[in-house]
Amino acid sequence: MESLLRAELGTDSVRPLGAAAGGGCISAGQSYETGRGRVFAKINVKSGMKVIEIPTGGALLVMEHLDMKSLNRGSGLLGQQLAEMHLHNRKIGERLHKEEKTIGKVPGQEDVEYVDKFGFHTATSCGYIPQLNEWQEDWVTFFSRQRLQLQLDMIEKDYGDRETRELWSQLQLRLGDFFRGVEVVPALLHGDLWTGNAAEINEGPVIFDPASFYGHSEYELAISGMFASFSSTFYSSYHALIPKSEGFDKRQKLYQLFHYLNHWNHFGTGYRGSSISTMRSLLK
């Protein structure tokens, strides 16, 4: 790996910084001291994921090294900043709407664009499974077709699970019921935000390994409720800016269903039970 980094970075000096930094469920990680400064290398041996191609197969992503530690004092600030990111597109829309009623434009705002659809300009990944982000005008259509349906199609192909198929045939007819009276404005999402993808440095909190797209802000909070949850300070800071709306808890289960299905497709039938029980709960 060191020889590959030397060649790609154009430096004669590459030295690992301590033991391997580990990684998540998908990729491994390692920090290096190089003639061009400290870098962090993320390594994955699956095909189809590459920034620097490894001759023996797989890929290597090299980025800035950060001295990260577990999220602690930065929890409240992360909740606040996350809510501000989710509100950013809404505020652009409100400002542009206001400017339509005035003569002239505010200086410096000419190039600001409001995103009025759900999706993203490119495909992203949640784990190693690609996310199709073709733009949709309706959030329920986007979430149903381009999140749940794609995951269920893979489960059908690999497992032919009859119970899952029957539950989905009932649930997909009722998806709109979970959003009655709720205005969903496209918000830029991290897309896979749990405690394993957040940390802090001296300057404040950081988040990484995104699966980004424009979607419902509530979607962002679902996966953290499944595994290691953020602190109460994180949630109180977030909801101080974006309060919970009616039906929030039920929609959290709906969004967690995507993550359970995604984990089933990544890691096997150990997540079948959670997927089935979540679908049953949503149908009650």
Side-chain angles (χ1 to χ4, degrees), residues 24 63-64 66 68-99 106 108-109 111-127 131 133 135-137 139 142-143 146-147 179 182-245 248 251-252 254-256 258-259 262:
M63 64 196 85
E64 177 189 9
L66 297 176
M68 296 189 298
K69 53 189 176 183
S70 297
L71 186 65
N72 187 7
R73 288 183 296 177
S75 292
L77 181 56
L78 177 59
Q80 174 191 326
Q81 291 177 337
L82 184 68
E84 289 171 348
M85 182 178 79
H86 289 170
L87 290 170
H88 180 68
N89 188 56
R90 176 190 288 268
K91 289 181 178 179
I92 291 175
E94 292 172 349
R95 184 169 67 242
L96 293 177
H97 179 69
K98 183 178 181 180
E99 289 174 4
V106 177
Q109 300 298 328
D111 296 328
V112 174
E113 292 188 14
Y114 171 66
V115 178
D116 61 354
K117 295 181 175 61
F118 301 95
F120 211 48
H121 64 279
T122 186
T124 52
S125 294
C126 192
Q131 295 189 140
N133 293 320
W135 297 103
Q136 298 283 349
E137 294 185 0
W139 166 244
F142 177 90
F143 182 66
Q146 294 172 225
R147 289 299 180 265
F179 297 90
V182 177
E183 180 189 18
V184 182
V185 177
L188 179 61
L189 307 179
H190 175 284
D192 191 18
L193 190 59
W194 61 295
T195 54
N197 287 342
E200 61 184 58
I201 57 177
N202 291 337
E203 293 79 8
V206 293
I207 56 178
F208 44 89
D209 288 353
S212 294
F213 64 101
Y214 280 87
H216 189 191
S217 58
E218 291 180 358
Y219 175 96
E220 191 84 280
L221 304 180
I223 191 170
S224 67
M226 297 164 55
F227 304 115
S229 183
F230 290 107
S231 71
S232 59
T233 304
F234 166 86
Y235 292 106
S236 61
S237 297
Y238 180 90
H239 289 302
L241 295 178
I242 305 180
K244 295 180 182 179
S245 57
F248 173 88
R251 288 189 297 275
Q252 285 295 284
L254 178 63
Y255 295 145
Q256 287 172 356
F258 165 79
H259 292 291
N262 190 44

Enquirer: Start with the C-alpha gap between Leu189 and Phe120, add the side-chain angles, then the distance that decides, and say whether side-chain contact (heavy atoms from CB on, under 4.5 Å) holds.
Expert: CA-CA 10 Å; Leu189 307 179; Phe120 211 48; over 6 Å; no
Enquirer: Considering residues at least two apart in sequence or located in another chain, which fulfil the ring pair (Phe, Tyr, Trp, His ring centres under 6.0 Å) criterion with Phe118?
Expert: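 Residues passing ring pair (Phe, Tyr, Trp, His ring centres under 6.0 Å) with Phe118: Trp139.
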Enquirer: Less than 4.5 Å apart, any side-chain heavy atom of Glu84 and any of Ile242?
Expert: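 Heavy-atom side-chain distance check fails, nothing below 4.5 Å.
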Enquirer: Identify the two heavy atoms, one from Gln131 and one from Cys126, that lie closest to each other, and give their separation to 0.1 Å.
Expert: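 Shortest heavy-atom contact: OE1-CB, 3.4 Å.
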Enquirer: Going through the distances and angles, do Gln252 and Gln256 end up as a side chain to side chain donor-acceptor pair (under 3.5 Å)?
Expert: CA-CA 6 Å; Gln252 285 295 284; Gln256 287 172 356; 5.0 Å; no
Enquirer: For the CG atom of Asn133 and the OG atom of Ser212, what is their distance to the nearest 0.5 Å?
Expert: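 It comes to 9.0 Å.
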Enquirer: Donor-acceptor pairs under 3.5 Å, side chain of residues 219-229 to any protein atom, not counting sequence neighbours: which ones?
Expert:
from: Glu220; atom 1: OE1; to: His190; atom 2: N; distance (Å): 3.3
from: Glu220; atom 1: OE1; to: Gly191; atom 2: N; distance (Å): 2.8
from: Glu220; atom 1: OE2; to: His86; atom 2: NE2; distance (Å): 2.9
from: Glu220; atom 1: OE2; to: His190; atom 2: N; distance (Å): 2.7
from: Ser224; atom 1: OG; to: Leu221; atom 2: O; distance (Å): 3.0
from: Ser224; atom 1: OG; to: Tyr235; atom 2: OH; distance (Å): 2.7
from: Ser229; atom 1: OG; to: Tyr235; atom 2: OH; distance (Å): 3.1

Enquirer: Any chance you could measure Gln81, atom CD, to Leu241, atom CG, to the nearest 0.5 Å?
Expert: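 Gln81 CD to Leu241 CG: 11.0 Å, rounded to 0.5 Å.
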Enquirer: Drop me the distance from Phe208's CZ to Asn197's CG, to the nearest 0.5 angstrom.
Expert: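 Reported value, rounded in 0.5 Å steps: 5.5 Å.
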Enquirer: side-chain contact (heavy atoms from CB on, under 4.5 Å) for Val182 and Arg251? Distances and angles first, verdict last.
Expert: CA-CA 11 Å; Val182 177; Arg251 288 189 297 275; 3.5 Å; yes
Enquirer: Would you say that Pro210 contacts Thr124 through its side chain, given a criterion of any heavy-atom pair below 4.5 Å between the two side chains?
Expert: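 Side-chain contact under 4.5 Å: no.
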Enquirer: Does Lys69 form a side-chain contact (heavy atoms from CB on, under 4.5 Å) with Asn202? I'd like the steps, not just the answer.
Expert: CA-CA 9 Å; Lys69 53 189 176 183; Asn202 291 337; 4.2 Å; yes
Enquirer: Of all heavy-atom pairs between Leu71 and Pro205, which one has the smallest distance, and what is that distance?
Expert: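 Heavy atoms of Leu71 and Pro205 come nearest at CD1-CB, 4.0 Å.
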Enquirer: What are the two closest non-hydrogen atoms of Ser75 and Ser231, and how far apart are they?
Expert: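 Smallest interatomic distance, heavy atoms only, reads CB-OG, 3.3 Å.
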Enquirer: Check Asn89 against Pro186 and note the closest heavy-atom contact, atom names and distance.
Expert: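 Reported closest heavy-atom pair: ND2-O, 2.9 Å.
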Enquirer: For side-chain contact (heavy atoms from CB on, under 4.5 Å), just list the numbers for Leu254 and Phe179, CA-CA rounded to whole Å, side-chain angles, deciding distance to a tenth of an Å, and then say yes or no.
Expert: CA-CA 11 Å; Leu254 178 63; Phe179 297 90; 3.9 Å; yes
Enquirer: Taking all atoms of both residues into account, what is the closest heavy-atom pair of Asp192 and Asp209, and its distance?
Expert: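 So the minimum-distance heavy-atom pair works out to CB-O, 4.2 Å.
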Enquirer: Are side-chain N/O atoms of Glu218 and Ser245 paired as donor and acceptor at under 3.5 Å?
Expert: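 Yes, a side-chain donor-acceptor pair sits under 3.5 Å.
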Enquirer: Rounded to the nearest 0.5 Å, how far apart are CD of Glu113 and CG of Leu96?
Expert: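 Glu113 CD to Leu96 CG: 9.5 Å, rounded to 0.5 Å.
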Enquirer: Could you tell me which non-hydrogen atom of Met85 sits nearest to which non-hydrogen atom of Leu188, and how far apart they are?
Expert: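 Nearest pair, atom of Met85 first, then Leu188: CE-O, 3.3 Å.
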Enquirer: Using ring centroids (six-membered ring only for Trp), state whether Phe142 and Phe213 fall under 6.0 Å.
Expert: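 Judged by ring-centre distance (under 6.0 Å), Phe213 and Phe142 do meet the cut-off.
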Enquirer: Does atom CD of Glu137 have more than 12 heavy-atom neighbours, drawn from other residues, nucleotides or ligands, at distances under 6.0 Å?
Expert: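 No, the 6.0 Å shell around CD holds no more than 12 heavy atoms from other groups.
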Enquirer: Do the non-hydrogen side-chain atoms of Ile207 and Leu78 ever get within less than 4.5 Å of each other?
Expert: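 Sidechains of Leu78 and Ile207: in contact.
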Enquirer: To the nearest 0.5 Å, how far apart are CH2 in Trp194 and CZ in Phe230?
Expert: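 Going from the CH2 atom of Trp194 to the CZ atom of Phe230 covers 9.5 Å.
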Enquirer: Go through the structure and list residues passing ring pair (Phe, Tyr, Trp, His ring centres under 6.0 Å) with His239, not counting sequence neighbours.
Expert: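 Partners of His239 under the ring pair (Phe, Tyr, Trp, His ring centres under 6.0 Å) test: Phe248.
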Enquirer: When rounded to the nearest 0.5 angstrom, what is the spacing between CD1 in Ile92 and CG in Asp116?
Expert: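 Answer rounded to 0.5 Å: 12.0 Å.
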